[in-house]
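Here the structure is laid out as structure tokens; the discussion comes afterwards.
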Amino acid sequence: MTAVASLAVLALGCAAPGTRDGDVPAVPTNTPASSAVVAEPTGPQADAPPNHADNNGWKQRHELSAADQRTGQKLAARIRPKLEALRAAGDFAPASTQRELLELGIKAAAIEVTAMRPPTGQETPPPGAVYAVHFANVGCVIGDVRPDRVMVEVTGSASEFGCLEPFSH
């Protein structure tokens, strides 16, 4: 009986919003929802450190003009068959990759070839070679020769390091 009386008193004391003097009128609930507005972030990305862009600016590569892109694609088309032949022969030595690039008539000063880096926690690198050929003072054909693939990519060079990004950690 006490519970019923308490509920009755509570119901009488709880008037709907906007029905008492001085109340702000209630917002009707049957109005159509407005279209959602999604705010675009203007600051640093949530998962990136605050100076990520500045700290990695040295990695930015030159944009290639359409003519430079075509030059790079032609060079890449000459390089790929030579490196595919090395892969088919099971030859992944950096010296062999260097030799094949030189045989294409590419100047030695424009070529950089290194061995693959060992994976973290291992001392022995996997079989393969990483290479870069610099062309037209702004472009690079970069890639690698591995047992499972030959990669050939045309990209711009970077002011800080040229074609092959140095190992940093």
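Numbers for residues simply follow the sequence, beginning at 1.
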Trace of the side-chain contact (heavy atoms from CB on, under 4.5 Å) decision for T71 with L75: CA-CA 6 Å; T71 300; L75 181 57; 5.7 Å; no

pair V152-V150: side-chain heavy atoms closer than 4.5 Å: yes

Qualifying side-chain hydrogen bond (donor to acceptor under 3.5 Å, both in side chains) pairs with a residue from residues 88-97, counting only residues at least two apart or across chains: D91-S96

Modelled atom types, side-chain donor and acceptor of D68 and S65, under 3.5 Å: yes

Least distance between heavy atoms, I142 atom then T155 atom: CD1-CG2, 3.8 Å

Reported CD-to-CD distance for the pair Q98 and E103, which is rounded to 0.5 angstrom: 11.0 Å

Distance in Å, E100 CD paired with L86 CG, rounded so as to fall on 0.5 Å steps: 4.5 Å

Sequence-distant partners of R70, salt bridge (charged side-chain N to carboxylate O under 4.0 Å, His left out), two or more places apart: none

Which pairs would a plain distance check flag for residues 125-135, meaning a side-chain donor or acceptor within less than 3.5 Å of a matching protein atom at least two apart in sequence or in another chain?
unit_1: Y131; atom_1: OH; unit_2: M151; atom_2: O; d: 2.9

Test log, rule salt bridge (charged side-chain N to carboxylate O under 4.0 Å, His left out), inputs D148 and R87: CA-CA 8 Å; D148 59 329; R87 180 179 163 269; over 6 Å; no

E153 side chain reached by V141 side chain, heavy atoms, under 4.5 Å: no

Derivation of the side-chain contact (heavy atoms from CB on, under 4.5 Å) call for V138 and E63: CA-CA 8 Å; V138 295; E63 298 254 347; over 6 Å; no

